[in-house]
Enquirer: 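There's a structure below that I have some questions on.
One-based numbering, in listed order, for ligands and for the atoms of each.
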Amino acid sequence: MSSLNLYDTATRTTSAFVPLKAGEVGIYLCGATVQAPPHIGHVRSGVNFDILRRWLIKSGYNVTFIRNVTDIDDKILHKAVHEESPWWAVAMKYERAFTDAYAALNVLPPTYEPRATGHVTQMIELMQLLIERGAAYAPGNGDVYLEVRKLQSYLTLSRQKLDDLMPAADADETYKRDVRDFALWKAAKPGDPSWPTPWGAGRPGWHLECSAMAKAYLGESFDIHGGGLDLIFPHHENEIAQSEAAGYGFAARWMHNAWVTASGEKMSKSLGNSLQVHELLKSVRGIELRWYLGSAHYRSMLEFSHEALAEASVNFRRIEAFLNRSVELLGKVPTPVVGKAFSDAMNDDLAVPTALASISEALRIGNSAITSGDMTAVAHSADEIRGALEVLGCDPFDSAFVSQGSSDEMTQALDGTIKLALAQREAARIRKDFESSDAIRDGLKALGIVIEDTAQGPRWSISQKTEGSGS
Ligand SMILES: [Zn+2]
């Protein structure tokens, strides 16, 4: 097997991945600020870095994967006012929504999933260290700032010049030594949640959280830090500034996933509403949505369209149909095997599009082997395809997907049954037996099935109210 090469945002080059400690990989991925239900733009990094994690595991590494939860933030406080709920109830509600979305997409749970509010002690310790080392200061207003002019290096990831930088828009400038100094800690405002510190009550700045939690779970130095492209500046630059000023090695490699775009733009909140994960999962299975989100190279923008999603679903179902047929023909579930073409593609900075081409090729060979009756070749293709799907998190035999109905049979049976009932209703209407036609409609309605008469004939859907979650 060739060795793994990965791109590093810091060096702008692809190089051989060598872990700090043989056989072990530590990854820190910036997680969600839990203030709204996730749309697909929010979960793409979860899927992309899950593919990295699964590939590392498949390559024999023991992976410690940290993805934090930012559960205190201005946006959460605003949402709490808007929803007339306590801030912590808002954070919990949307944390659960993210957890559900990740589970539906078969993203492995992180090894540890630290919440910011649970790590204030570690943040205070880090600030104390930064003040002792002369890198941070508490001017007496309750804020604590990092003094960026004192840093040996800054802005190395985004390659900006300090003199070109705008003032950090996170605090009252009157107390800053330099307008570009950023807040590690923010003094409490009346009515806002706060935690006591030696410098006054307040709450953490976003950047400080990640430096403190990465140190707590992965140590002073670790292998890979990940996140979305939009986090490079200021978030990741400021994480580096804090951790390096504390004397830590911090991340040996930086990886960033590109955005999901809609009409070429980064997905906005208004657009995102219709593309919330739980909305899309009404029309497509989690395994298919995952297949679609993971199909582009992680560094390429993924331009969302419903057509492309539908096409991806159809392609995935073809692969699934072949695997199911192989089970019928061979009397056994395929054994996951990683093929060379797939492995070479993944080792080339996770070149998923090339890896998908290797799956298509195995599918072509497998289907023609079915036609020619070559069962050895059918088994070979099925094993390789399942091995590839496992790494991509889309293995239909994975128990994570069984509850989603890994075959279409249930859906088809339900659709057929409802269409039969609708045909009976239509026949009753034609013979003007309105009592019977109404009884059929009401019976379906009682089961939560809504009938809509359209120009193309009646259409059915399942009423959302029957799901019982109350959300
Ligand atoms: Zn972060």
Enquirer: Would you say that I51 contacts M346 through its side chain, given a criterion of any heavy-atom pair below 4.5 Å between the two side chains?
Expert: yes

Enquirer: Above 12 or not: heavy atoms from other molecules or residues under 6.0 Å from CZ of R96?
Expert: no

Enquirer: Under 2.8 Å from the Zn ion (ligand 1), how many protein N/O/S atoms do you get? Just the number, please.
Expert: 4

Enquirer: Going by an N to O cut-off under 4.0 Å, is there a salt bridge joining D73 and K79?
Expert: no

Enquirer: May I ask you to decide whether R299 forms a salt bridge with D8, counting only side-chain N to carboxylate O separations under 4.0 Å?
Expert: no

Enquirer: Filter on side chain to side chain donor-acceptor pair (under 3.5 Å), then keep only pairs touching residues 192-202, sequence neighbours left out; what's left?
Expert: none

Enquirer: Tell me whether F233 at atom CZ has more than 12 heavy atoms from other residues, nucleotides or ligands lying less than 6.0 Å away.
Expert: yes

